[in-house]
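Below is one structure, written out as structure tokens; the observations come after it.
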Amino acid sequence: MRQTIIAGNWKMNRDLNESVALASEIVKGINVLKNRIVVLCPPFTSLAAVSQILKGKSGVFSGAQNAYFEESGAFTGEISTKMIKSVGADFVILGHSERRKYFDESDDFINKKVKKVISAGLRAILCVGETLEERENHREEMVVKRQIQGGLAGISQDEMKSVVVAYEPVWAIGTGKTATPEITQKMHEFIRRRILEIFGAETAESTSVLYGGSIKPGNVKGLMECPDIDGGLVGGASLKSEDFLKIIYFDR
Ligand code: PGA
């Protein structure tokens, strides 16, 4: 059985006090979590405080939105995996399309971070997904294949246990345009086949592949019912506790 993961990517939103309030509201609304886990990814400045709030809450974890691959040193502005671990976080989002686009992150650079995150004992959420232009030119599978192969290069079968993949078509992020369950399922199946080719059937069967892009309480159920969609990476709707809780409990 694959793990269902509902992760909230707060992006560059919520200062410390606002983060504490939001995390507290979400935690208050979570009771029993059957067959699923929840991950809250606040900005770095709130990660320690949010992790503290989640302490002892079964099935709810915190995550960072990025990490650097060096252990320590003169890398002004960067955050190491050791620092992330030290505040109690368990996950790290890597290769988000906004980082690829605004900060020129390449597959090779992302791959170094994936390796570092895994070796530090954290779990990586590797984001992949095509732009609108790439889809219009029917290059979406080629692009996602490249991102999967590049991002996961040199990773062992055993290390894959610490990897979650998130398919986030760029044209659906923050746009209100959700990929339909059909489009999404097709790509998730494609991604699982690529994982099978690289790592074998067992890894392909056990790796959680999340969908991300304008997930809302109103569209989450249809997406989560698809056989190869194992959860969601939620941006905008994760900033409203009421919406995020509805997404967590999409099958109620
Ligand atoms: P969105 O963002 O839900 O606001 O579209 C998703 C993401 O970028 O992770």
Side-chain angles (χ1 to χ4, degrees), residues 4-14 18-19 22-23 26 36-44 46-47 50 61-67 89-105 110 113-114 117 123-135 140 143-144 147-148 151 163-181 183-185 187-188 191 208-224 226 229-250:
T4 297
I5 302 173
I6 304 291
N9 174 11
W10 296 4
K11 308 193 179 182
M12 197 175 75
N13 296 293
R14 302 295 181 261
E18 292 163 349
S19 294
L22 178 57
I26 293 168
R36 83 196 54 177
I37 64 165
V38 174
V39 186
L40 305 185
C41 303
F44 279 123
S46 307
L47 191 54
V50 167
F61 302 89
S62 62
Q65 297 175 20
N66 192 17
D90 289 291
F91 286 79
V92 183
I93 298 173
L94 293 171
H96 191 280
S97 64
E98 285 147 19
R99 297 219 55 92
R100 293 178 191 263
K101 182 178 166 193
Y102 301 123
F103 305 99
D104 286 328
E105 290 200 5
I110 293 161
K113 305 205 282 186
V114 171
V117 160
R123 294 182 72 184
I125 302 177
L126 172 67
C127 303
V128 298
E130 79 286 358
T131 63
L132 181 60
E133 195 196 347
E134 287 160 348
R135 179 163 282 269
E140 69 275 14
V143 168
V144 169
Q147 291 171 337
I148 291 280
V163 174
V164 174
V165 175
Y167 170 58
E168 299 206 305
V170 179
W171 48 272
I173 297 177
T175 57
K177 276 187 210 157
T178 325
T180 61
I183 290 178
T184 310
Q185 167 56 27
M187 184 58 91
H188 279 233
I191 290 170
S208 295
V209 184
L210 318 184
Y211 166 77
S214 299
I215 295 183
K216 293 187 180 57
N219 60 25
V220 61
K221 195 161 185 277
L223 289 159
M224 296 307 138
C226 297
I229 303 180
D230 310 310
L233 182 53
V234 188
S238 73
L239 296 170
K240 291 175 215 135
S241 57
E242 204 189 325
D243 284 359
F244 192 57
L245 286 164
K246 281 184 190 154
I247 292 169
I248 292 171
Y249 291 112
F250 61 86

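Just follow the structure's listing: the first ligand is 1, and inside any ligand the first atom is 1.
- Residues Q147 and L126 have side chains not in contact (no heavy-atom distance under 4.5 Å, counting atoms from C-beta outward).
- At least one N/O-N/O distance between S214 and ligand 1 falls below 3.5 Å.
- The N/O atoms of G212, backbone and side chain alike, include none that comes under 3.5 Å of an N/O atom in ligand 1.
- Nearest non-hydrogen protein atom to atom 7 (C) of ligand 1 is E168 OE2, 3.1 Å.
- Every atom of ligand 1 is numbered from 1 in the order shown, and the set under 4.0 Å from a heavy atom of G213 is 5 (O).
- The nearest heavy-atom contact from the protein to atom 3 (O) of ligand 1 is G235 N, 2.9 Å.
- For a threshold of 3.5 Å applied to N or O pairs, the pair formed by G174 and ligand 1 contains at least one separation below that value.
- Two residues are said to be in side-chain contact when any heavy atoms from C-beta on lie closer than 4.5 Å; M224 and I247 fail this criterion.
- Considering both main-chain and side-chain atoms, G236 comes within under 3.5 Å of ligand 1 through a nitrogen or oxygen pair.
- For Y167, the ring-ring contact (aromatic ring centres under 6.0 Å, His included) partners two or more places apart in sequence, or in a different chain, are H188.
- With a 4.5 Å cut-off on side-chain heavy atoms, R135 and I183 count as touching.
- Under the rule for a side-chain hydrogen bond (donor to acceptor under 3.5 Å, both in side chains), T184 has no partner lying at least two apart in sequence or in another chain.
- Proximity to H96 (heavy-atom distance under 4.0 Å) selects the following atoms of ligand 1: 7 (C), 8 (O), 9 (O).
- Under the 4.5 Å side-chain criterion, counting only non-hydrogen atoms from C-beta, E140 is not in contact with W171.
- Using a 4.5 Å heavy-atom cutoff, the side chains of E98 and I173 are in contact.
- Using a 4.0 Å cut-off between heavy atoms, A172 contacts ligand 1 through its backbone alone, with no side-chain atom that close.
- Of the heavy atoms in N9, only side-chain atoms (C-beta onward) come closer than 4.0 Å to ligand 1.
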